[in-house]
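Order of the sequence lines sets the chain letters (A, B, ...), proteins ahead of strands, with each chain counted from 1.
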Protein chains: 2
Amino acid sequence: MGHLPGTQVAIPSDRRARRRQETIEEILDIAESVMTEAGVTGLSLSEVARRLGVQPPSIYKYFDSLMAVYDALFRRGQAAHLKVLAAAMEEQGPGLDALLAGVEASGQWCIAHAPLAQLLFWRPVPTFEPSAESMTPSAEMVHLQRRALADAVAAGQLGPGADSDEALYLVSIIVSGVIGQALANEPHLGWGEGRFTPLLPKLLDVLVALYPPRPATAGRR
Amino acid sequence: MGHLPGTQVAIPSDRRARRRQETIEEILDIAESVMTEAGVTGLSLSEVARRLGVQPPSIYKYFDSLMAVYDALFRRGQAAHLKVLAAAMEEQGPGLDALLAGVEASGQWCIAHAPLAQLLFWRPVPTFEPSAESMTPSAEMVHLQRRALADAVAAGQLGPGADSDEALYLVSIIVSGVIGQALANEPHLGWGEGRFTPLLPKLLDVLVALYPPRPATAGRR
DNA sequence: GTCTATAGCCTGATAGAC
DNA sequence: GTCTATCAGGCTATAGAC
């Protein structure tokens with residue numbers, strides 16, 4: 001097959017595709033740094049082109065529109081966030097420990113990728129609606145947390161009420177509350193610094209208070 | 001009308017001042033509704049002028065710049081929010097009840113004035129820094145909540161650790177978490193509807209779990 | 001205080017040569 | 001895929017007539 005025209009074309013076309021993918025990633029990297037300086041809504045394709053060293057129309061060879069760039073940022077961000085969340089949960093083992101490790105990793109990622117986190121979880125661009133496909137990692141995240149809650153109940157770390165949507169919403173409120181306050185009031189500080197992010201473990205302890213496990217060994221009552 | 005020159009000028013100048021103030025308030029009302037439709041960063045003085053029925057340059061007779069409009073919105077919003085918060089707390093009586101009534105009223109106001117709340121508490125406009133004077137109602141809000149916590153401790157509703165900055169931060173994390181999730185995920189729902197805002201009382205109950213009151217020594221009911 | 005006119009900037013997006 | 005050129009429009013803000 002070596003001298004068939006098809007293969008002769010195939011190899012350089014692979015290279016071209018790879019190079020193209022690299023350019024796409026570079027555009028998204030630059031877009032992220034523009035958002036860091038100008039805010040999520042301050043993203044402009046002209047500015048991206050300027051920093052990439054090309055003319056603005058060239059961007060349109062890679063993305064159909066500004067909203068397409070937002071959608072790619074959303075998709076890439078969602079996937080990256082899910083990856084660190086899942087890795088932290090898996091490393092830590094099941095149940096409550098996995099939940100704690102997951103939200104801690106999630107918080108760290110959000111602080112380190114502030115504008116992306118805002119795009120994902122606060123929706124500051126009114127004209128941007130993420131595509132349905134972009135939302136599948138979000139469903140996966142919910143699934144992981146839901147399973148961790150169920151495991152915690154099964155292991156007797158939490159009461160049966162914790163295996164519920166309500167508990168899931170409580171977790172999301174607590175995590176987004178901590179991160180939101182940190183991003184709004186201490187945007188220059190890292191994870192673990194400042195007045196808010198160190199409070200996350202304490203706040204998650206309240207899950208135990210809200211859904212007290214039945215005493216396995218001799219205890220009160 | 002009197003024929004003294006002073007009075008002849010004074011009365012119409014009062015009217016003029018009042019009319020001017022009305023126009024300023026109208027501009028801010030319109031600016032708020034523009035933000036409701038276009039997002040906080042979507043505010044444009046041209047659009048405000050269009051809806052007011054004047055040409056864009058006329059706005060500059062009332063505000064020096066776009067940022068001056070943001071600052072006025074911030075100041076007016078801060079004052080309005082403080083007013084409903086303080087009224088709810090005072091009506092309810094001291095201690096934990098005042099705190100609960102206050103955050104409930106605060107949440108209601110934020111949902112009803114979503115873009116203003118975002119401007120006040122999430123800072124989505126990177127180039128806008130509120131003036132120092134605009135921040136004084138915020139300090140007053142902190143003072144009210146801090147006093148409610150102290151009263152709750154004195155009344156034996158909470159343990160002594162609740163009279164602290166930490167407890168204050170926990171309250172702000174919880175409240176902003178509930179409101180932030182509601183605004184991002186259920187922007188069309190009112191207070192008490194949806195998956196998040198009904199959870200606020202339950203989340204504030206955790207203050208009692210985190211700072212348990214001393215059993216018998218103090219705090220008679 | 002209102003207007004017209006306009007400066008001077010930015011943007012997203014398209015057409016077409018190379 | 002890159003470029004030039006351009007469209008079509010937005011914006012903030014100023015100058016000056018009335």
Measuring to OP1 and OP2 of [N], would you say a side-chain N or O of [X] lies under 4.0 angstrom away?
X	N	result
A/R50	C/dC10	no
A/S46	C/dG12	yes
A/Y62	D/dT2	yes
B/S44	D/dG10	no

Separation between CD1 of B/I24 and CZ of B/R19, rounded to the nearest 0.5 Å: 11.5 Å
Reported OG-to-CG distance for the pair A/S131 and A/D71, which is rounded to 0.5 angstrom: 4.0 Å
Separation of [N] [atom2] from [X] [atom1] (nearest whole Å):
X	N	atom1	atom2	result
A/E26	D/dG1	CD	P	14 Å
A/R15	D/dG1	CZ	C1'	19 Å
A/Y70	C/dG12	OH	C1'	12 Å
B/F63	D/dT12	CZ	C1'	16 Å
B/Y60	D/dC11	OH	P	11 Å
A/I27	D/dT2	CD1	C1'	13 Å
B/I59	D/dT14	CD1	C1'	15 Å
B/K61	C/dG1	NZ	P	9 Å

Pairwise 5' ranking along DNA chain C for B/R20 and B/P56, keeping only the more 5' one: B/R20
NZ/NE/NH1/NH2 to OD/OE distance under 4.0 Å, A/R51 and A/D29: no
Side chain A/N185, main chain A/Q181, donor-acceptor under 3.5 Å: yes
Residues A/Y70 and A/E129: side-chain donor-acceptor under 3.5 angstrom: no
Looking at the side chain of [X], which of [options] is the nearest nucleotide?
X	options	value
A/L66	C/dG12, C/dC3, D/dA13	C/dG12
B/P57	C/dG1, D/dA15, D/dT4	D/dA15
A/L45	C/dA13, C/dT11, D/dT2	C/dA13

